[in-house]
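Please read the structure below before turning to the comments.
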Amino acid sequence: MNIFAIVKSRVDAAVAELVAEGQLPAGLDLERVAAEPPRDPSHGDVTTNAAMILAKPAGKPPKAIAEMLVAKLKAAPDVVEASIAGPGFVNMKLKDGIWQDVLKDVLTIGTAYGNGADKKHPINVEYVSANPTGPMHVGHARGAVVGDALARLLAKAGFAVTKEYYINDAGGQVDNVARALHKRYLQTLGRITDAEFQAALESKEIQYGGDYLVPVAEALAKRDGDKWADASDETTWIPPLRAFTVEWMMRQVKEDLTALGVQHDIFVSEKALVDAGKVQDALDYLTKHGLTYTGVLEPPKGKTPEDWEPRPQLLFKATQFGDEIDRPLQKSNGSWTYFASDIAYHKDKVDRGFTDLVNLFGADHGGYVKRLQAAVKALTEGKGQVDVLLCQMVRVLNNGEPVKMSKRAGTFITLRDLIDAVGKDVVRFIMLTRKNDAPLDFDYAKVTEKSRENPVFYVQYAHARGRSVFRHAPEMFPGIDLSDAGLAKANFARLTDPEELATIKMMAAWPRMVEGAAVAHEPHRVAFYLYDLASQFHALWNKGNDAAALRFLQAEDKELSTARLALVRGVGVVIASGLAVFGVEPVEEMR
RNA sequence: GCGCCCGUAGCUCAAUUGGAUAGAGCAUCUGACUACGAAUCAGAAGGCUGGAGGUUCGAGUCCUUCCGGGCGCGCCA
């Protein structure tokens, strides 16, 4: 039950009545009319902007419409008060029973509270998609967590979500790793010295110098002996070494993701798409629709590469779909660009029935967004869309001091380092405390601190505090039924304190929060909501410290105590429901 | 030079997607524990939302233009 949806229907009904009475013209668009919580709670429980939205199409001043609405809404069920405020808002106060019913709902439904109606509308969320060239680092962690939380959020809101990982196992980068692995392999076999390895790295003959390839090389040597040591022609050993390292890296990636609590439904291999001829198929499709041609691009403005020379290439008419320039599909040596195989991949998604796509990229891929959106539009004849969420940098700090990272020196912070240092739940929560397109500071010291400054702790503490009441309750009331079903039978009419009702009102906002955050693709909103709910609960708790009559447990009044325990439990359920979106476990105690 | 993202209290960030008097935390100041967990709470103070125009009942939010920061800019993925 979504209170605001109910009130919206009451408003719609009131408008319909006014239309029937001839007070308002027929055919009004109610799309933009909203019933929402007012920003300031003193304005009431629910507010609607209907009068202001309808003023222009109805040809009447907002206040006149508002007056008519007030008359109708005052008579509506559950509304105890309706009044005009400001430029034409209609504020309503609902009877306490409505809120008491919300709490009963929460206890009955459990953590499924807030779930949206089943929309059956498929959405594909592609995230992580880290190249299988090395361990996952902090940057990947953010994309992984945000993508995973968004997928869970969309699922909770009622969408049919597919979580997908694209393995870039076909391009030049994996060949480069294979070359680096080969050098490590020769080193392992004693065919070259450590100094020779370093020299190869410094001369840029190989690009990956990290230690993480050593165990891979050892495993390769163990499996194949010196089979690849003497082959002078790299084309004989690149494919097997590439396959070996991709498999190894993907196993590591999956282990890391599992440790982070991230699980994908599908892994799609770029190489498999290429081998199956899907790139050619996709380009045939575009060509058939007249969207490719062979042409010569202008040199890039401002920073022209030194070796620039105009060359004819196969291009995609991205400019027809809003991109700045047409984009190359084929390199001068005749092989496909990454973009070409990405088009094939997205055609594959479309062919699987998805027109609503979400991709999570690192911020350094910002320049790629428009061409991808152009491609998806072209592939779906304008019906499909891809929303690209760019995740900004994560700055890793320790007590405010930046932790230095260098990929070359091999001192970058891996995802595994983070999880080992603070635990997966903390990593997940903190990664979700900022909008994806804002930079994020991750401070080792701060995120494990036990204070209001640390949102993970603050929310978890609220939950643990609630649980502690439940540990005390049986001492005061032996045999009390503390199950959700038992608490759902409490006499909720006993919950009349403004602070108690305010707490329930915040719980009532949860379904609306889920829907809004899901549609906007903004899982971080849930973090702020949980923080606010926790804050409300801590405030309620301390009311009891100040006035003993407001404590949850009242020895002489079991009925009231039970109703308040139901309230405490309700807060716990909503917190658990929110944490589930983040893939975080609520804690029972924090000692 | 062009494109994308960003600019809100001293600091770190919100703002129900165009709503009413722009809200939290930290830092500063003042209060609340022989406790259902004070790891918390209540209060004070702090603002020309980077500047200037525009759109309308109404702008932190949308448009234009400056200023300042981040990222990117053929055959890397």
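Throughout, protein chains are lettered first and strands after them, A, B, ... in sequence-line order, and every chain is numbered starting at 1.
Judged by distance alone, with hydrogens and angles left aside, A/Asp169 brings no side-chain donor or acceptor close enough to the base of B/A77 to form a pair under 3.5 Å. A donor and an acceptor atom never sit less than 3.5 Å apart when one is taken from the side chain of A/Thr133 and the other from the base of B/A77.
Nearest nucleotide to the A/Phe457 side chain, out of B/A20, B/U40, B/C41: B/U40. Checked against B/G74, B/U16, B/U40, the side chain of A/Pro37 finds its nearest nucleotide in B/U16. You'll find that the side chain of A/Glu270 is closest to B/A77, out of B/A38, B/A14, B/A77. The listed nucleotides are B/G74, B/A38, B/A15; the one nearest the side chain of A/His524 is B/A15. Relative to the side chain of A/Gln313, the nucleotides B/A77, B/A38, B/C75 differ in distance, and B/C75 lies closest. When distances are taken from the side chain of A/Tyr458 to each of B/A38, B/G19, B/C41, the shortest belongs to B/C41. Distance from the side chain of A/Lys370 is smallest to B/C4 among B/C5, B/A38, B/C4.
Residue A/Arg39 has a polar side-chain atom (N or O) positioned under 4.0 Å from OP1 or OP2 of B/U16. Under 4.0 angstrom from either OP1 or OP2 of B/A77 there lies at least one side-chain N or O belonging to A/Lys331. For B/C57, one of the phosphate oxygens OP1 or OP2 lies less than 4.0 angstrom from a side-chain nitrogen or oxygen of A/Lys56. A/Arg465 has a side-chain polar atom (N or O) that falls below the 4.0 Å cut-off from OP1 or OP2 of B/A38.
Here the P atom of nucleotide B/C4 and the CG atom of A/Asp364 are 18 Å apart, to the nearest Å. Distance CZ (A/Phe361) to C1' (B/C4): 14 Å, rounded to an integer number of Å. Residue A/Met52 contributes atom CE, which lies 8 Å from atom C1' of B/G58 at whole-angstrom precision. Remark: C1' of B/C75 and CZ of A/Arg327 are 14 Å apart, rounded to the nearest angstrom. Atom NZ in A/Lys446 sits about 12 Å away from atom P in B/C13, given to the nearest Å. Taking atom OH of A/Tyr531 as the reference point, atom C1' of B/A24 lies 7 Å away to the nearest angstrom. A/Lys435 places its NZ atom 5 Å from the P atom of B/A15, with the value rounded to the nearest Å. Nucleotide B/C76 holds its P atom 13 Å from the OH atom of A/Tyr208, rounded to whole Å.
Listed for the A/Asp169 side chain is no donor-acceptor partner under 3.5 Å among the backbone atoms of A/Ser269. Judged by distance alone, with hydrogens and angles left aside, the side-chain atoms of A/Ser341 form a donor-acceptor pair with the main-chain N or O of A/Tyr338 at under 3.5 Å. With hydrogens and angles ignored, the 3.5 Å screen pairs a side-chain donor or acceptor of A/Thr337 with a backbone N or O of A/Pro328. Using a distance-only test at 3.5 Å, with no hydrogens or angles considered, no donor-acceptor pair links the side chain of A/Glu500 to the main chain of A/Leu495. Looking only at distances, no side-chain donor or acceptor of A/Glu589 sits under 3.5 Å from a matching main-chain atom of A/Ala464. Formation of a donor-acceptor pair under 3.5 Å by the A/Gln385 side chain with backbone atoms of A/Val376 is not found in this model.
Within 4.0 Å of A/Gly172, counting heavy atoms only, lie sugar-phosphate atoms of the nucleic acid but no base atom. Residue-level contact check: A/Met590 touches the bases, meaning some heavy atom is under 4.0 Å from a base atom. Across all strands shown, A/Ala539 has heavy atoms under 4.0 Å from sugar-phosphate atoms exclusively, and none from any base. Within 4.0 Å (heavy atoms only), A/Gln460 reaches no atom of the nucleic acid at all. When heavy atoms are screened at a 4.0 angstrom cut-off, A/Pro455 is found touching no nucleic acid atom at all. Looking at heavy-atom distances under 4.0 Å, A/Ala363 makes contact with sugar-phosphate atoms alone, never a base. Counting non-hydrogen atoms under 4.0 angstrom, A/Glu589 reaches a base of the nucleic acid. Residue A/Asn91 is in base contact, counting any heavy-atom pair closer than 4.0 Å across all strands shown.
B/G53 and B/U21 have their C1' atoms separated by 26 Å, given to the nearest Å. Only the C1' atoms considered, B/C41 is 35 Å distant from B/C6, to the nearest whole Å. Distance noted for atom P between B/G60 and B/U16: 12 Å (whole Å). Between B/G58 and B/C76, the distance separating the two C1' atoms is 49 Å to the nearest Å. When the P atom is used for both B/G72 and B/A52, the distance is 33 Å, rounded to whole Å. For the C1' atoms, the distance linking B/U30 with B/G46 amounts to 16 Å, nearest Å. Nucleotides B/A59 and B/C33 have their P atoms positioned 47 Å apart, rounded to a whole Å. Across B/U28 and B/A22, the matching C1' atoms stand 22 Å from one another, rounded to whole Å.
Atom-to-atom distance recorded for A/Leu530:CG and A/Ser535:OG is 12.0 Å, nearest 0.5 angstrom. Between the CZ atom in A/Arg569 and the CZ atom in A/Phe552 there is a gap of 14.5 Å [rounded to 0.5 Å]. Taking CG of A/Leu372 as the reference point, atom CG of A/Asp342 lies at 5.5 Å (rounded to 0.5 Å). Summarising the geometry, atom CZ belonging to A/Arg564 is positioned 11.5 Å from atom CD belonging to A/Glu559; distances are rounded to the nearest 0.5 Å. For the atom pair CZ of A/Arg32 and CE of A/Met52, the computed distance is 10.0 Å after rounding to the nearest 0.5 Å.
Residue A/Thr433 is the one, among A/Phe470 and A/Thr433, whose nearest nucleotide of RNA chain B lies closer to the 5' end (criterion: closest heavy atom). Annotation: of the two residues near RNA chain B, A/Pro310 and A/Asp441, the 5′-most nearest-nucleotide partner is A/Asp441.
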Item to complete: Go through A/Gln330 and A/Trp336 one step at a time and tell me if the side-chain contact (heavy atoms from CB on, under 4.5 Å) criterion holds.
Response: CA-CA 4 Å; A/Gln330 209 167 22; A/Trp336 303 123; 3.8 Å; yes

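Of all the residues in residues 332-346 of chain A, A/Ser332, A/Tyr338 reach under 4.0 Å from RNA chain B with at least one non-hydrogen atom.
Aromatic stacking is not marked for A/Tyr368 over B/G72, as the cut-offs of 5.5 Å for the centres and 30° for the planes do not both hold. Where stacking is scored as ring centres under 5.5 Å apart with planes under 30°, A/His365 does not register as stacked on the base of B/G72.
A donor atom on one side chain and an acceptor atom on the other are found under 3.5 Å apart for A/Thr319 and A/Asp326.
Ring orientation note: the planes of A/Tyr368 and A/Phe339 are nearly perpendicular, at an angle over 60° on the 30°/60° scale.
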Item to complete: Would you write the dot-bracket representation of RNA chain B, where each base gets (, ), [, ], | or . depending on whether it forms a Watson-Crick or G-U pair under 3.5 Å and with which partner?
Response: (((((((..((((.....[...)))).(((((.......))))).....(((((..]....))))))))))))....

